[in-house]
2 protein chains.
Amino acid sequence: MSDPRQAARHRLAQFMEDKGKRNTRQRDLIVDIFLEAGGHLTLNELLRLVQERDDRVGFATVYRTMKLLAEAGVAEELRFGEGQTRYELAHADEHHDHLICQTCGKIFEFEDDEVEAIQDRIALRFGLKVTEHRHEIYGVCTKTDCEHLRAATELPQ
Amino acid sequence: MSDPRQAARHRLAQFMEDKGKRNTRQRDLIVDIFLEAGGHLTLNELLRLVQERDDRVGFATVYRTMKLLAEAGVAEELRFGEGQTRYELAHADEHHDHLICQTCGKIFEFEDDEVEAIQDRIALRFGLKVTEHRHEIYGVCTKTDCEHLRAATELPQ
DNA sequence: GTGCATGCAAACGCTTTGCAGTCTG
DNA sequence: CAGACTGCAAAGCGTTTGCATGCAC
């Protein structure tokens, strides 16, 4: 049960029950695909994947389901500079930030306690109490398979 | 000439000349207001300020002028989580990040070499060469005049 | 059966652009 | 006076919502 996907399913099931939400064919499918895909997808990318398995599902359902997952704490909304929202699996309790390759579009995750500590110190200096933060590092991937990945993930820019 | 506004005016004048751009009543007004206001304004906030002095100026002109300033390296586009673009005066050569108070909407700027250094190290670990980054710290302002500031800056949320 | 969920299409909010008329250099 | 600039209005684009219908419980 150290699988984050299993944990997510449990949390979601609990949330659904608590709130009197219903399980439907569409929701199940969307959740499955979101969990399998493993993150950083836009609504349209999700929709496309969903429709490969069931083309009767509409955009609004994917949209509302992802909002639901976000509310349940199972998904997190990410907004990079692209003008679209991406969704990733929320890792329980732990926070992480992102590195984005501007060539291939690949997104990496990182976590750094030192940065978090410095952050708190900086905020204090301005008289703020930190509630959340966003830290994105943009760069160029030096891996040789960069171009290949770009094609695979189909990210713009 | 350590005044960043003067520096900005010079840089802009140079850019205009190089590119064969023209000086107009509207552009002069928008630039004046942008430089005086001192940052972090949305297009609509700018438009409102501009129209207080000349209500014949349209939104598109403010929009295009700010794009021009961004292109000239005089303004920088900021996108926080609000769905609107804000513009701030670009400080020549130096980079800084932002602290945003979620209560009063006030925006502070900070700079931290240690974070930048850690960032480079993290990126290296993933095989990326950093081109730029974004670091936003959201928090709650503990200042007593927080609510007052909120009214003054008229930020949402 | 009740009322939550779906799918469509329309509304939104912000940004971007085409075009006819205006003004700078 | 050529062509860059303006203002308007319309188009784009991603997101959000109203509503009639469908379906889970």
Side-chain angles (χ1 to χ4, degrees), chain A residues 12-13 15-34 40-48 50-51 53-72 75-87 154-157, chain B residues 12-33 40-48 50-51 53-72 75-87 154-157:
Chain A
L12 181 58
F15 178 85
M16 301 282 276
E17 189 175 328
D18 291 351
K19 301 275 182 175
K21 304 284 185 188
R22 294 175 179 175
N23 291 311
T24 66
R25 172 177 56 85
Q26 293 92 328
R27 278 185 183 166
D28 290 344
L29 178 57
I30 294 165
V31 170
D32 282 350
I33 286 176
F34 171 64
H40 307 133
L41 297 171
T42 64
L43 285 174
N44 279 318
E45 288 167 350
L46 274 165
L47 178 64
R48 195 163 37 74
V50 167
Q51 289 187 335
R53 290 210 225 158
D54 183 349
D55 63 7
R56 291 165 301 171
V57 179
F59 176 88
T61 301
V62 176
Y63 168 77
R64 286 189 273 232
T65 299
M66 294 314 295
K67 283 285 181 203
L68 184 76
L69 297 203
E71 207 196 327
E76 224 151 274
E77 302 187 338
L78 304 177
R79 253 163 274 241
F80 302 134
E82 321 157 289
Q84 277 170 91
T85 305
R86 289 181 179 276
Y87 288 87
E154 293 187 353
L155 285 178
Q157 255 272 16
Chain B
L12 181 57
Q14 190 62 57
F15 178 85
M16 301 281 276
E17 188 175 329
D18 291 351
K19 301 275 179 172
K21 305 283 184 186
R22 294 175 179 177
N23 291 312
T24 65
R25 172 177 56 84
Q26 294 92 328
R27 279 185 182 166
D28 290 345
L29 178 57
I30 294 166
V31 170
D32 282 351
I33 285 176
H40 308 132
L41 296 172
T42 64
L43 285 174
N44 279 318
E45 288 167 351
L46 274 166
L47 177 65
R48 195 161 39 72
V50 168
Q51 289 187 334
R53 291 210 225 158
D54 183 348
D55 62 8
R56 292 165 299 172
V57 179
F59 177 87
T61 301
V62 176
Y63 169 78
R64 286 189 271 230
T65 299
M66 293 315 295
K67 283 285 181 203
L68 184 76
L69 297 203
E71 206 195 328
E76 223 152 276
E77 303 188 336
L78 304 177
R79 254 162 273 242
F80 301 132
E82 320 157 291
Q84 278 169 90
T85 305
R86 289 181 179 277
Y87 288 87
E154 293 185 356
L155 285 179
Q157 255 269 23

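Below, read A as the first sequence line, B as the second, and so on, with proteins coming before strands; counting in each chain starts at 1.
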Problem set entry | Rounded interatomic separation in angstrom, taking CZ from A:Arg86 and C1' from D:dT15 | 16 Å
For this session: Under the ring pair (Phe, Tyr, Trp, His ring centres under 6.0 Å) rule, collect the residues that match up with A:Tyr63, sequence neighbours excluded.
Result: none
Exercise. D:dG22 P sits how many Å from A:Arg56 CZ, rounded?
Worked result: 13 Å
Problem set entry | salt bridge (charged side-chain N to carboxylate O under 4.0 Å, His left out) involving B:Arg25 - partner list, sequence neighbours excluded | B:Asp54
For this session: May I ask you to list the residues of residues 60-67 of chain B, by number, that have any heavy atom positioned under 4.0 Å from an atom of DNA chain D?
Result: B:Ala60, B:Thr61, B:Arg64
For this session: Calculate, to the nearest 0.5 Å, the distance between atoms CG and CE belonging to A:Leu47 and A:Met66 respectively.
Result: 12.0 Å
Seminar exercise, completed: For B:Lys67, the side chain to side chain donor-acceptor pair (under 3.5 Å) test, sequence neighbours excluded, returns B:Glu77
Problem set entry | Sequence-distant partners of B:Arg27, side chain to side chain contact (heavy atoms under 4.5 Å, CB included), two or more places apart | B:Met16, B:Lys21, B:Thr24, B:Thr65, B:Leu68
Problem set entry | Distance (rounded to the nearest 0.5 Å) between B:Leu29 CG and B:Gln51 CD | 10.0 Å
Problem set entry | Between CD1 on residue B:Ile30 and CZ on residue B:Arg53, distance to nearest 0.5 Å | 11.5 Å
Exercise. Do the side-chain N or O atoms of A:Thr42 get closer than 4.0 angstrom to the phosphate oxygens (OP1, OP2) of D:dG14?
Worked result: no
Exercise. Using a heavy-atom cut-off of 4.0 Å to chain A, what are the terminal contacting nucleotides of DNA chain C, in 5' to 3' order?
Worked result: C:dG3 to C:dC8
Exercise. Of the residues in residues 19-28 of chain B, which ones touch DNA chain C at a heavy-atom distance under 4.0 Å?
Worked result: B:Arg22, B:Asn23
For this session: Applying side chain to side chain donor-acceptor pair (under 3.5 Å), name anything that partners B:Asp55, two or more places apart in sequence or on another chain.
Result: none
Seminar exercise, completed: In whole angstroms, the gap separating C1' of D:dC13 from CD of B:Gln84 amounts to 16 Å
Exercise. Where do A:Glu45 and A:Arg86 land on the side chain to side chain contact (heavy atoms under 4.5 Å, CB included) test, with the steps shown first?
Worked result: CA-CA 9 Å; A:Glu45 288 167 350; A:Arg86 289 181 179 276; 3.3 Å; yes
Problem set entry | Pair A:Asn44-A:Phe59, side chain to side chain contact (heavy atoms under 4.5 Å, CB included): steps then yes or no | CA-CA 8 Å; A:Asn44 279 318; A:Phe59 176 88; 3.7 Å; yes
